[in-house]
2 protein chains.
Amino acid sequence: MNIVKQRVTMRDIARKLGVSSVTVSKALNDKEGVSEELRKKIKETAREMGYRLNTLAKAMKEGYSYNVGVVIPERFIGDTQSFYLRFYQHIAKALDHYGYCSILHILTAEDEEQLQLPRVYNERKVDGFIMLGQVNKEYASLFQQIELPVVFLDFYHDQDVDCVLTDNFFGMYELTNHLIQCGHREIAFVGNIYSTSSIQDRFLGYYKSLLEHRIPLREEYIISDRDEKGKYIDFVLPKNMPTAFVCNCDQVAYHLVHTLKELGYRVPEDCSVVGFDNDIYATLAEPNLTTVQVNMEEMSDLAVKMIIEKSKDRNKKYGRVLVKGQIIYRDSVQRIND
Amino acid sequence: MNIVKQRVTMRDIARKLGVSSVTVSKALNDKEGVSEELRKKIKETAREMGYRLNTLAKAMKEGYSYNVGVVIPERFIGDTQSFYLRFYQHIAKALDHYGYCSILHILTAEDEEQLQLPRVYNERKVDGFIMLGQVNKEYASLFQQIELPVVFLDFYHDQDVDCVLTDNFFGMYELTNHLIQCGHREIAFVGNIYSTSSIQDRFLGYYKSLLEHRIPLREEYIISDRDEKGKYIDFVLPKNMPTAFVCNCDQVAYHLVHTLKELGYRVPEDCSVVGFDNDIYATLAEPNLTTVQVNMEEMSDLAVKMIIEKSKDRNKKYGRVLVKGQIIYRDSVQRIND
DNA sequence: CTGAAAGCGCTTACAG
DNA sequence: CTGAAAGCGCTTACAG
């Protein structure tokens, strides 16, 4: 491909070849109505002249921008967290695959509070939004009122919005089953169960496993990890220590392992610990954590497909789409039955 | 602000008010040629009708998209690295601040090899590029040949390209000085000095400090950390252990601390270790690492300002812009003089 | 201060 | 198979 400094348009190609720009458009877009011979010549000339499509013009004519806005609340991308940023990376790749571009919008707490929509919305730069990470209900509602489609990724509210979720419930259910199969019966859950829907669902999966195995749920075995604003707090461990801890995420599991070690407990000999997400903290912890891997690729791909379809057909509905995770077995669980 | 489903254009506002769309455009853009009274009425009506600017139309007319492409080589955003992703976050915020949007392009090794330009280039979706993270020379050259401006961020080649860099040289020079002030004279450098320009410059800063203090550079004290493809390799420690290790980045320092501990060395009692970047690994390591903090905000802001200016005036030149880092003192350095 | 005209670069629907 | 006309929604330069 030649690289040419000045802008070359379809009309330039048309002039050079003595045809009309309509014909050039048809040829370049592989539309009917051009002879094969002419199409070939046009494409060749376009390449020679270093032609690049002006998407803006196409977009304005068609009413599509071929951009999707991805909104991530700022609190989810602190210095020590990269989970959502990695997620975003998968989304960007998936969008690219379908010929779309992603525009990242980092939502500040202030904008969220004041129900401020992203600038890309006000400037009509995108065909729809993927909301990555839980926002408050009011903000979520706001996005349902705009005329652009939105898909929630990795969270949901009670509203009727299309969303793509890890099967938190089922994943934690299976993981807890695994602990029970290893002989554990005193199992604590670590996480603020009023904080996010993910944590809540993971908790419920844990609870279902207990129920099925006739193990009573003990209040002192529900250990909070963060305050209402999502800020991590010190763990208050129960008097009677459990043999295993089910943590709502790897980062919390990582910190718990630390705390336990400082208190003189060995992991996994004295206490088993499991996490969720399979993020960087899972392999940073020692021992490495048994956890549930979130399938970011598949979730991203689904969310992208959904938002693209929805931008073309506003009546498309998908509901809650669950994507199964996968247990990764590592070294943080001790078998205590023989 | 009202939220309206159907699209409302300037002409709709004009009709409602019995004026022309030219006047509406002027009023909304705060341009001269409208009475204050009318301007006010137009803005009010626009708000009432839920008007949103169609940037595509504006962009096409003006020839600007108000988008900037940010290119990150895929190899820099693996599962355990979030440095560049966090950088990207700062860039996105800075662009937003100037009314621009960022479009992320993740450059695969394959596309880099085949000199494939990003789709956003071919589709004219951006006004310029910020290249975040070192690409090979051929690819870098390619970007200098296109008619869009480009700014390199956090790396440079010998070519004459505008770039924003951490002052790697000076930062490592100061950090090494600090070690020497603490009494160290046997100081090793950890990093493949043929790998990237950042590592090379950091190495040279280290070397300058040695030179100034008349400490000879010893070959066995240059310890490689990665192969030519950037893949981490096992450290080959020297027979005569140094008292301090200067690592080219925190992640490598983190791994080195691990290795040292496994070999029975205590950090910092037996060996001091320092890193660079102040990323997540600096505080993950035990002891926490003394390191140099990269000023991502300022670097991002500079790169953004530069690319915006350059997109408006192709003749603007900035050269190599260095941004000073800051030493963060933590617990990985032992004072060995009394 | 206000507006009619032209044009940005493309695509769609229709006519030949 | 090929192309003239109209239009997407805005802005600029100019005329009144």
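To find a chain, count down the sequence lines: A is the first, B the second, and so on, and within it residues start at 1. Since we're looking at a predicted model, the values are computed, not measured.
Residue A:L38 is classed as a sugar-phosphate contact, given heavy-atom separations below 4.0 Å to backbone atoms only.
Closest to the A:S20 side chain, of the nucleotides C:dC10, D:dT2, D:dG3, is D:dG3. Closest to the side chain of A:T9, from the set C:dG9, D:dC10, D:dG3, is C:dG9.
For B:K125 and C:dC10, the NZ to C1' distance is 15 Å, given to the nearest whole Å. Following rounding to the nearest Å, B:I13 (CD1) and C:dG3 (P) show an atom-to-atom distance of 14 Å. Rounded to an integer number of Å, the gap from OH of B:Y66 to C1' of D:dG9 is 15 Å. Here the P atom of nucleotide C:dC8 and the CZ atom of A:R52 are 17 Å apart, to the nearest Å. Computed from coordinates, the A:E32 CD to D:dC1 P distance equals 8 Å when rounded to whole Å. A straight line from CG of B:L56 to C1' of C:dG9 spans 13 Å, rounded to a whole angstrom. For the pair B:D12 CG and D:dC10 C1', the computed distance is 13 Å after rounding to whole Å. The separation between B:L28 atom CG and D:dC10 atom P is 9 Å, rounded to whole Å.
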Checklist entry - How does DNA chain C read in dot-bracket, base by base from 5' to 3', with Watson-Crick or G-U pairs under 3.5 Å and | used when the partner is on another strand? => result |||.||||||||.|||
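Ring pair A:F155/A:H157 is perpendicular by interplanar angle, where above 60° counts as perpendicular and below 30° as parallel. Taking the six-membered ring where the residue is Trp, A:F83 and A:F87 present perpendicular rings, their angle passing 60° and hence far from 30°. Aromatic ring pairs are classed by plane angle as parallel below 30°, tilted from 30° to 60° and perpendicular above 60°; the pair A:F129 and A:Y121 is tilted.
Between A:T23 and D:dG3 there is a side-chain polar atom (N or O) within less than 4.0 angstrom of OP1 or OP2. OP1 or OP2 of D:dT2 sits under 4.0 Å from a side-chain N or O of A:S35. OP1 or OP2 of C:dC10 has at least one side-chain nitrogen or oxygen of A:Y51 nearer than 4.0 Å.
The heavy-atom pair separating A:K316 from A:K310 by the smallest distance is O-NZ, 3.5 Å.
A heavy-atom distance below 4.5 Å is not found between the side chains of A:R124 and B:L56. A heavy-atom distance below 4.5 Å is not found between the side chains of A:F76 and A:L85. Contact of the B:F143 side chain with the B:P118 side chain is registered, since non-hydrogen atoms from C-beta on lie closer than 4.5 Å. Contact check for A:K312 versus A:I308: side-chain heavy atoms found under the 4.5 Å cut-off.
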Checklist entry - Would A:Y139 and A:Q116 count as a side chain to side chain donor-acceptor pair (under 3.5 Å) if you check the C-alpha gap in whole Å, the side-chain angles of each, and the deciding distance to 0.1 Å? => result CA-CA 8 Å; A:Y139 201 77; A:Q116 190 71 48; over 6 Å; no
Check nucleotides 11-15 of chain C for protein N or O atoms closer than 3.5 Å to its own N or O atoms and list the pairs.
{"from": "C:dT11", "atom 1": "OP1", "to": "A:N29", "atom 2": "ND2", "distance (Å)": "3.0"}
{"from": "C:dT11", "atom 1": "OP2", "to": "A:S25", "atom 2": "OG", "distance (Å)": "2.4"}
{"from": "C:dT11", "atom 1": "OP2", "to": "A:N29", "atom 2": "ND2", "distance (Å)": "3.2"}
{"from": "C:dT12", "atom 1": "OP2", "to": "A:K31", "atom 2": "NZ", "distance (Å)": "2.9"}

